[in-house]
Protein chains: 2
Amino acid sequence: MLDVRRLKVLKAVVELGSVSAAAAALNFTPSGVSQHVSALERETGCLLLEPAGRGIRPTDAALLLCEQASRILAAIQEAEDALAALRSGQIGRLRLAAFPTAGSSLVPGALAAFQLLHPKVALDLTVHEPEEAIAKLRSGAIDLAITVEPYGPGGAPDDGLVRRHLLADPFRVVLPRKHPLAGRRSVDLAMLADDRWIRVSSSPDYCQQAVDDACVRAGFQPAYAMEADEYPTVEGFVAAGLGVALVPELALGPSVHIGVVARHVKGDQPVRQVWAATRPAIAEQAPVQAMLEFLRQAAKHFATDGG
Amino acid sequence: MLDVRRLKVLKAVVELGSVSAAAAALNFTPSGVSQHVSALERETGCLLLEPAGRGIRPTDAALLLCEQASRILAAIQEAEDALAALRSGQIGRLRLAAFPTAGSSLVPGALAAFQLLHPKVALDLTVHEPEEAIAKLRSGAIDLAITVEPYGPGGAPDDGLVRRHLLADPFRVVLPRKHPLAGRRSVDLAMLADDRWIRVSSSPDYCQQAVDDACVRAGFQPAYAMEADEYPTVEGFVAAGLGVALVPELALGPSVHIGVVARHVKGDQPVRQVWAATRPAIAEQAPVQAMLEFLRQAAKHFATDGG
DNA sequence: AATGGTCCTTTAGTGTGACTAAATAGTGAC
DNA sequence: GTCACTATTTAGTCACACTAAAGGACCATT
């Protein structure tokens with residue numbers, strides 16, 4: 001296998017026309033250069049330099065190797081450039097997973113902003129429930145997970161992942177438009193103790209738990225009449241007058257079902273916490289940092305809107 | 001500057017999926033492989049391998065470097081192939097210089113035969129007098145010199161060049177077709193003692209000397225009446241009846257001037273010696289060796305024809 | 001929960017080879 | 001002929017590449 005270092009030395013000799021000039025250029029002694037060329041001659045079995053007067057003259061083999069060396073060194077330079085581009089975040093790939101309601105609301109804005117800054121970074125967004133997203137993150141299948149978790153800022157577990165809190169997503173009371181309490185700006189949960197409730201089945205356990213806990217704090221156990229697998233379906237059920245529900249603001253999205261109203265919970269609001277998580281190994285990379293920042297800004301925007 | 005050896009190690013790790021498999025493939029210990037990758041991480045500033053279960057998983061940077069490494073290694077392989085082709089004589093360049101009469105007779109046949117065997121070797125033939133050809137050979141401007149010399153086989157000087165005797169080129173007596181001796185198969189020079197002689201001026205001194213010496217051996221000093229700068233002109237002068245001449249067989253070529261006849265010299269024939277010379281540095285190269293062989297064969301052909 | 005096995009890494013140690021310095025040899029210029 | 005310049009050779013030193021052995025993390029098994 002040709003040694004690239006030796007080729008570099010030979011190239012310097014051929015291009016500068018003498019061993020000593022090459023040595024000066026490479027910060028070597030002429031002896032070192034001569035030994036490199038000798039080794040290359042031994043390794044290739046070709047005479048590379050022949051004496052010419054006081055100096056040397058490259059053989060045809062040396063000229064050929066010199067030409068080839070340029071191509072090899074160019075390939076190495078390209079590799080360095082590509083790596084530098086990757087390091088600076090100009091190129092690359094970022095695979096995200098978000099839970100369903102984030103994937104359709106909070107995340108797209110952040111992705112758009114990111115893409116403007118890093119047009120050559122390939123983005124890949126998939127929608128997964130938090131548990132699966134974290135598993136994929138750990139396995140390296142994704143680079144960034146946007147999840148809902150039971151804990152808030154300061155409560156993140158030390159499980160080997162790097163986490164960043166994005167948003168406290170408050171649950172809103174969703175009532176049929178004709179409900180007696182629909183006219184109020186905010187609703188005391190205790191006043192819904194006798195209503196029938198709609199439950200969502202797809203969300204993580206602790207989301208359902210958060211709803212139950214809020215009701216318990218208000219002094220009752222919610223009576224679940226129906227179960228829907230997605231929040232939009234829940235809104236449909238409520239609009240049909242089948243019951244009331246607590247739905248996270250992100251899940252409500254910018255427009256609510258025409259047959260329902262969403263009202264703040266009076267007093268101690270139930271929330272689900274929205275987090276971004278990544279692996280420590282990639283946490284410092286430019287694209288990851290940039291995406292985290294854009295997510296944070298998007299979340300702030302939501303928080304301001306939703307109050 | 002990226003280190004190709006390290007890239008090779010990384011490539012093995014990525015392609016084989018584990019440090020130990022790469023170590024086995026490279027005849028290293030896992031420790032050595034690990035240290036190589038660590039060094040590459042330090043040198044590039046990029047994390048390349050991250051833990052994944054019991055093993056490792058390459059990062060995006062590692063995958064990129066691996067891809068680039070393939071291109072670099074391919075370039076090195078191409079360089080090796082090109083060098084091998086040069087060494088085997090498949091490609092390359094061969095610059096020859098021949099003295100005028102060889103360049104127009106002996107050499108072209110050898111070149112044609114060579115080109116059949118080495119179609120990708122670029123041939124460059126120039127015509128120079130021996131002295132200049134040898135100078136160009138020493139300076140590296142040509143690779144092979146075909147010259148006439150005063151010495152025969154065994155008499156080659158030890159002047160740092162590699163020489164090969166090709167041919168003893170005998171001088172022939174060139175007479176006007178109407179000359180009294182034109183009917184003889186061979187001519188005793190002594191019978192031309194009273195003729196007028198034609199001299200050629202462009203040939204090396206010792207060629208003229210060879211003629212003079214032959215005459216002196218025959219017992220007379222030739223009386224030069226005319227001087228021509230090329231052998232064809234000499235033939236023209238002889239045809240015009242201006243005198244007689246001794247002309248090397250190679251210079252006569254396959255067909256002589258219609259007004260002259262060429263006859264062998266009776267007894268001790270004057271000759272000029274045809275040699276090929278090259279530099280020791282390139283004497284062993286395949287194209288040089290091949291060309292020398294073809295020249296030898298062409299010379300043998302001439303000797304048989306003319307002898 | 002504990003144990004064994006696998007994989008990777010770290011540390012220490014050793015040998016090779018990369019480079020310098022000094023001496024040698026060859027060439028051209030004065 | 002001597003000097004100046006160039007390249008090579010030799011000897012010597014230092015750094016690096018690798019091995020061996022120990023340590024640590026993880027998974028599987030009991």
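Within every chain, numbering begins at 1; the chains are lettered A, B, ... in the order of the sequence lines, protein sequences first and strands thereafter. As a basis for the values below, the full set of heavy atoms in this structure was taken, side chains included, without hydrogen atoms, waters or symmetry mates. Remember, it's a predicted structure, so these values are computed and weren't measured experimentally.
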> Can B/Arg164 and B/Glu293 be counted as an ion pair, charged N to O under 4.0 angstrom?
Replying inline: yes

>> From CG of A/Leu40 over to P of D/dT8, roughly how many Å is that when rounded to an integer?
In response: 13 Å

> Can you say whether the rings of A/His36 and A/Phe28 are parallel (under 30°), tilted (30 to 60°) or perpendicular (over 60°)?
Replying inline: parallel

> Whole Å only: how far is the CG atom of B/Leu49 from the C1' atom of D/dC26?
Replying inline: 17 Å

>> One pair to check against side chain to side chain donor-acceptor pair (under 3.5 Å): A/Thr101 and A/Arg272. What are the steps and the verdict?
In response: CA-CA 12 Å; A/Thr101 58; A/Arg272 60 177 191 179; 2.8 Å; yes

> If you measure from the Lys or Arg side-chain nitrogens to the Asp or Glu carboxylate oxygens, is any gap between A/Lys8 and A/Asp3 under 4.0 Å?
Replying inline: no

>> So for atom CD, which belongs to A/Glu67, do other residues, nucleotides or ligands contribute more than 12 heavy atoms lying within a distance under 6.0 Å?
In response: no

> Are a donor atom and an acceptor atom from the side chains of B/Gln90 and B/His118 found within less than 3.5 Å of each other?
Replying inline: no

> Counting only non-hydrogen atoms, which of residues 22-38 of chain B are less than 4.0 Å from DNA chain C?
Replying inline: B/Pro30, B/Ser31, B/Ser34, B/Gln35

> Rounded to whole angstroms, how far apart are CZ on A/Arg6 and C1' on C/dC19?
Replying inline: 12 Å

>> What is the separation between atom CG on B/Asp3 and atom P on D/dA17, rounded to the nearest whole Å?
In response: 7 Å

> In whole Å, what is the span from the CZ atom of A/Arg42 to the C1' atom of C/dG17?
Replying inline: 10 Å

> If you measure from the Lys or Arg side-chain nitrogens to the Asp or Glu carboxylate oxygens, is any gap between B/Arg279 and B/Asp143 under 4.0 Å?
Replying inline: yes

Polar atom pairs (N or O), protein with nucleotides 25-30 of chain C, under 3.5 Å:
none

> Would you say B/Glu41's side chain and B/Cys46's backbone share a donor-acceptor pair under 3.5 angstrom?
Replying inline: no

> To the nearest angstrom, how far is A/Arg138 atom CZ from D/dA25 atom C1'?
Replying inline: 15 Å

>> Rounded to whole Å, how long is the line connecting atom CZ of B/Arg57 with atom P of D/dA25?
In response: 18 Å

